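I have placed the structure first, in the form of structure tokens, so that the comments after it can refer back to it.
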Protein chains: 2
Amino acid sequence: MLSQINDKAIVHVVDDDASMRGALEGLFDSVGLDAHTYATARDFLAAGLADKPGCIVIDIRLPDMNGLDFQAQLIDIGVRLPVVMMTGYGDITMSVRAMKRGAIDFLPKPFHDQDMLDAVMAAIERDRQRRTVEGDISQLQQRFGTLSARELQVMQLVTAGKMNKQVANDLGISEITVKIHRGAAMRKMGAKTLADLVRMAEAVKPKG
Amino acid sequence: MLSQINDKAIVHVVDDDASMRGALEGLFDSVGLDAHTYATARDFLAAGLADKPGCIVIDIRLPDMNGLDFQAQLIDIGVRLPVVMMTGYGDITMSVRAMKRGAIDFLPKPFHDQDMLDAVMAAIERDRQRRTVEGDISQLQQRFGTLSARELQVMQLVTAGKMNKQVANDLGISEITVKIHRGAAMRKMGAKTLADLVRMAEAVKPKG
DNA sequence: GGGTGGATCACACCAAAGTATGACCCGAAC
DNA sequence: GTTCGGGTCATACTTTGGTGTGATCCACCC
């Protein structure tokens with residue numbers, strides 16, 4: 001799970017045109033990128049590699065599904081791989097829709113190899129950064145998971161700025177018990193100071 | 001400065017076509033939006049309204065400047081108004097470039113009135129949200145400005161999790177002096193608790 | 001030259017935080 | 001039924017935090 005961050009990035013190419021698949025595979029190989037190709041959206045999903053680091057290059061015209069719909073579906077099912085769209089017959093409306101949904105680039109065919117490489121490199125970099133940030137947060141969330149119900153309550157009130165006695169009052173328990181839970185929360189979270197704990201609480205909160 | 005947040009949003013329309021300017025002005029008026037129109041990029045800049053809330057609708061073809069270059073220039077000179085591009089002859093490459101630079105939408109002419117209104121409404125909302133967030137931060141930064149050099153140093157070390165005696169050691173002063181600066185910083189920043197102060201420090205830091 | 005504000009520090013005192021020891025209750029798991 | 005973890009609490013103690021009073025020094029400004 002955490003090792004994914006160090007996995008080598010994979011470039012997934014989804015295009016019904018076999019010659020294009022071959023050309024792109026050769027292009028990515030030539031710069032040392034690991035490329036997987038698929039003729040259909042279904043093939044990509046069946047491969048089960050959607051959680052690994054990398055990005056996905058999608059042609060607008062696919063046998064089983066419109067490329068834009070595929071992009072939307074990926075978002076729906078939680079696949080966060082950055083998308084590079086390409087097409088031979090697209091129009092402005094399509095490109096704008098893809099970009100609004102967060103596509104890294106939208107390349108009309110024929111494109112220059114370098115443009116595709118630039119887009120893919122940017123996509124991989126974005127994916128890497130996202131995984132780094134989310135990895136840190138999931139690590140924190142994991143630690144949060146080790147907190148007991150009481151410890152979590154106490155921690156929330158403490159990081160909100162309340163004093164031990166206020167927390168005790170709010171929870172209907174004694175101050176000494178609050179201190180115990182507070183200390184336990186600090187230990188479990190790996191926070192050496194209250195400032196650390198506050199930052200941890202802030203980092204996890206906005207996520208959801 | 002802060003009152004801008006409550007100012008009414010202005011929709012700036014930059015298009016060399018007088019009939020289009022008139023049509024858009026009528027469209028925006030019809031939904032209660034305050035519209036200003038300009039024939040050239042220069043005219044817009046001369047109006048000096050770039051800091052007020054709102055958004056800007058730009059035609060790709062302008063007399064004095066390409067619309068994409070205008071968009072890039074706005075970014076360069078720090079105008080953060082959300083951009084809606086429109087064009088009668090654009091291609092995919094243009095639309096992608098505009099979207100990569102953060103345009104809200106890119107509408108080929110002729111467009112449906114509703115599409116333009118949707119884009120402008122989304123642009124105004126984004127502008128509003130940005131101003132809200134940045135307003136909060138600038139308010140904090142203003143308070144930071146009232147801190148003396150020592151108070152700022154102490155606050156930074158304190159929010160980093162150091163104890164008063166550690167801060168005293170780091171700065172080569174006595175602990176009692178640290179307490180005084182610390183208390184002054186709390187008062188000036190309007191922080192009732194250390195947790196508040198930590199959050200303020202966090203909110204200002206990532207901005208830069 | 002007197003006023004202002006920043007920085008420094010001491011002394012004293014109280015409030016709050018943090019820790020250790022020991023204890024009890026309870027439910028779930030073995 | 002015994003063990004284990006969570007939750008509860010008390011007593012006692014030390015360390016930090018926070019405030020007030022009073023004071024000195026210095027730079028700057030009118």
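Computed from a predicted structure; not experimentally measured. Chain identifiers are assigned alphabetically (A, B, ...) following the order of the sequence lines, protein sequences preceding nucleic acid strands; residue numbering begins at 1 within each chain.
Taking the side chain as every heavy atom from C-beta outward, A/F28 and A/V13 approach each other to under 4.5 Å.
Atom CD1 of B/I180 and atom C1' of C/dT8 are 8 Å apart (whole Å). The nearest whole Å value for the distance from the NZ atom in B/K162 to the P atom in D/dT16 is 15 Å. Between A/D196 atom CG and C/dA17 atom P the separation is 17 Å, expressed in whole Å. Rounded to a whole Å, the NZ atom of B/K192 is 16 Å from the P atom of C/dA16. Rounded to a whole Å, the CD atom of A/E175 is 7 Å from the P atom of C/dA17. The interatomic distance linking B/L171 (CG) with C/dC9 (P) rounds to 10 Å, in whole Å. B/M155 places its CE atom 15 Å from the P atom of C/dA7, with the value rounded to the nearest Å. Rounded to whole Å, atom P of D/dG5 lies 13 Å from atom CD of A/E151.
In this structure, the nucleotide among D/dT8, C/dC9, C/dA17 sitting nearest to the side chain of B/I173 is C/dC9. Listed nucleotides C/dA16, C/dG18, D/dT8 differ in distance to A/M163; the shortest reach to its side chain belongs to C/dA16. Listed nucleotides D/dG6, C/dA17, C/dA7 differ in distance to A/K179; the shortest reach to its side chain belongs to C/dA17. The side chain of B/I176 has D/dT19 as its nearest neighbour among D/dG17, D/dT19, D/dT8. When the nucleotides C/dT8, D/dC9, C/dG6 are ranked by their closest atom to the side chain of B/S148, C/dG6 comes out on top. For B/K165, taking side-chain heavy atoms from C-beta onward, the closest of the listed nucleotides C/dT8, C/dG6, D/dT16 is D/dT16. Counting only heavy atoms from C-beta on, B/S174 has its side chain closest to C/dC9 among C/dC9, D/dG7, C/dT8.
For A/H181, a side-chain nitrogen or oxygen approaches OP1 or OP2 of D/dT8 to under 4.0 Å. An OP1 or OP2 oxygen of D/dG17 is reached within less than 4.0 angstrom by a side-chain nitrogen or oxygen of B/N164. The side chain of B/R182 contributes an N or O atom lying less than 4.0 Å from OP1 or OP2 of D/dG18. For B/R150 and C/dT8, the shortest distance from a side-chain N or O to OP1 or OP2 is below 4.0 Å. Phosphate contact (OP1/OP2 of C/dC9, side-chain N/O of B/T177, threshold under 4.0 Å): present.
B/D69 and B/Q73 are not linked by any side-chain donor-acceptor pair at a separation below 3.5 angstrom, with hydrogens and angles left out of the test.
At most 12 non-hydrogen atoms from other residues, nucleotides or ligands lie less than 6.0 angstrom from CZ of B/R61.
Ion pairing of A/E202 with A/R199 is absent here, as no side-chain N (NZ or NE/NH1/NH2) approaches a carboxylate O to less than 4.0 Å. Ionic pairing of A/R80 and A/E134 is present here: one or more N-O contacts between side-chain nitrogen and carboxylate oxygen are shorter than 4.0 angstrom.
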